[in-house]
2 protein chains.
Amino acid sequence: MHPNLQHILTLAHLLEFGKGGACVEITTTELGNIISRSQQSASKYLVELEKAGLLERTKAGQKFRIMITDRGVDEVLNLHETIKGSIEVLDRSGLQLDGKVVSGMGEGAYYMSLEGYRSQFNEKLGYEPYAGTLNLKLLNQSSVRMRSMMDNYPSVFIRGFTDSSRSYGWVKCYPAILNDGAVDKAAVIVLERTHYDNSMLEVIAPIGIKDLLGIKNGDFVKVFVTMTPKDPLLKTT
Amino acid sequence: MHPNLQHILTLAHLLEFGKGGACVEITTTELGNIISRSQQSASKYLVELEKAGLLERTKAGQKFRIMITDRGVDEVLNLHETIKGSIEVLDRSGLQLDGKVVSGMGEGAYYMSLEGYRSQFNEKLGYEPYAGTLNLKLLNQSSVRMRSMMDNYPSVFIRGFTDSSRSYGWVKCYPAILNDGAVDKAAVIVLERTHYDNSMLEVIAPIGIKDLLGIKNGDFVKVFVTMTPKDPLLKTT
DNA sequence: ATTACTAGCTTCCGAGTAC
DNA sequence: TGTACTCGGAAGCTAGTAA
């Protein structure tokens, strides 16, 4: 009995269901729902996984108490590594996002000019952002996907601060170039307290981007995030 | 025709094979080898994936040129997220490693005492390591797994330096507690230039760990890495 | 050399049902 | 309530082979 992909994915769901604890209590009906199979199939999976030594079961009343073995966890981690490997290849080519210029520069621009942020920008990015951010609406789902992946990328971290009246959240900066280098010292910023969704991008630079590129609302901009998650030097406290 | 897990995994392998580029050139025989199926099955997979809109093919001589669509990449990323979700649950409960004390404290101890490192330890960890590291041999494959996962964890980064005679590599420190808190200010260290394999662990602490715990070679030690990858504050430059 | 169809065997899936 | 067996139909896999 050789476990196949579905078996390993079932194992992964069991791990998740058990919140990583030592053992899981779940009925075959529940499991069937989770993996989108019948109760009967779920039952069969459990029997087969047990035979393969990837989990152990002990009767607990009518139910079973399931313990995933080390080998079981290994199988899940292996599968994860395989898929991760294929995705990291996307990382290495860098994140590229296509967007359309939209208005809405009021808010970001104001925040970026606050002294509590400006000194940190100077120190960590080497420049002060121009008083006005570039707001982009991402154009395709590939870009939105890249945007999501950015969360796991290394960033230049700008701490939040508190003044007499209120507190301000952190800002993560992802150094980037625009339009193949036409602007080479820009950064995508992600605010702790933002109201935008993942299909929007906010970009800063030391100069006025719109003027420099000669663009206006509705024009296309190509953003290329330059830091990759491969460099261990970027992770420190 | 609904693609199943094997289809998505095939897609992942195609991504990897194509090194993330826009298109892949691969024969069905090659693909069959990669996914451990026959040439015929590989061919069928490609036909089905195309029908499902997850890739497109154009004839290039006898071969095909394969382009994975956005939806195709999405499917791979989705699968990745699912599995990631199930193992992040392991993360949240923290990394726990079981090891056995072995000798071999010479090298690490010497390096850790160098001024170029010591000042950074003081600044970033808040203590100077005791002159002697604890070397552990990991006891089970689960621990070795955890050891590998550590690479993706946030760490306290100690820069390398150069003195008159040679240069010294960086050190990554992963704060940890030993034996359920018997030692609560320790750190697993990973050296840029190490000769150990992944089944070994090197631990520092402000005091002599062996004396404090009253342990000797061959005794068991439980290591619990306390930082989790969830905290965005840890990623800065 | 390729891709991909067909035939036949194997495995998977779920309804029914025993316990 | 539970788990898990049988069994018929569906889907998957490969060898042979056409193109």
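The sequence lines fix the lettering, A, B, ..., with proteins before strands; numbering per chain opens at 1.
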For atom [atom1] of [X] and atom [atom2] of [N], their distance in whole Å:
X        : N       : atom1 : atom2 : result
Leu31(B) : dT3(C)  : CG    : C1'   : 13 Å
Tyr45(B) : dA11(D) : OH    : C1'   : 11 Å
Leu46(B) : dT2(C)  : CG    : C1'   : 13 Å
Leu49(A) : dA4(D)  : CG    : P     : 12 Å
Arg65(A) : dT3(D)  : CZ    : C1'   : 17 Å
Glu48(A) : dT10(C) : CD    : C1'   : 14 Å
Arg37(A) : dT11(C) : CZ    : C1'   : 13 Å
Lys63(B) : dA4(C)  : NZ    : C1'   : 17 Å

Side chain of [X], heavy atoms from C-beta onward: which of [options] has the nearest atom to it?
X        : options                  : answer
Ser43(B) : dT14(D), dT3(C), dC13(C) : dT3(C)
Lys44(A) : dA4(D), dC13(D), dC13(C) : dC13(C)
Gln40(B) : dT3(D), dC5(C), dG14(C)  : dC5(C)
Asn4(A)  : dA4(C), dT3(D), dC12(C)  : dC12(C)
Gln62(A) : dC13(C), dG2(D), dG16(D) : dG2(D)
Gln39(A) : dT3(D), dT17(D), dC13(C) : dT3(D)
Gln6(B)  : dG16(C), dC13(D), dT3(D) : dC13(D)
Ser41(B) : dT14(D), dT2(C), dA4(C)  : dT14(D)

- Item | dC13(D) OP1/OP2 closer than 4.0 Å to side-chain N/O of Ser38(B) | no
- Can you check whether Arg57(A) has a side-chain N or O nearer than 4.0 Å to OP1 or OP2 of dG2(D)? no
- Task: Evaluate the side-chain proximity of Ile34(A) to Phe17(A): yes if any heavy-atom separation is below 4.5 Å, no if none is.
- Result: yes
- Message: Using side-chain heavy atoms (C-beta onward) and a distance below 4.5 Å, is Leu125(B) in contact with Ile204(B)?
- Response: yes
- Message: For His2(B) together with His7(B), are the ring centres under 6.0 Å from each other?
- Response: no
- How about Thr133(B) and Glu202(B): does a side-chain donor come under 3.5 Å of a side-chain acceptor? yes
- Item | Whether Trp170(B) and Phe157(B) hold their rings parallel, tilted or perpendicular, with breakpoints at 30° and 60° | tilted
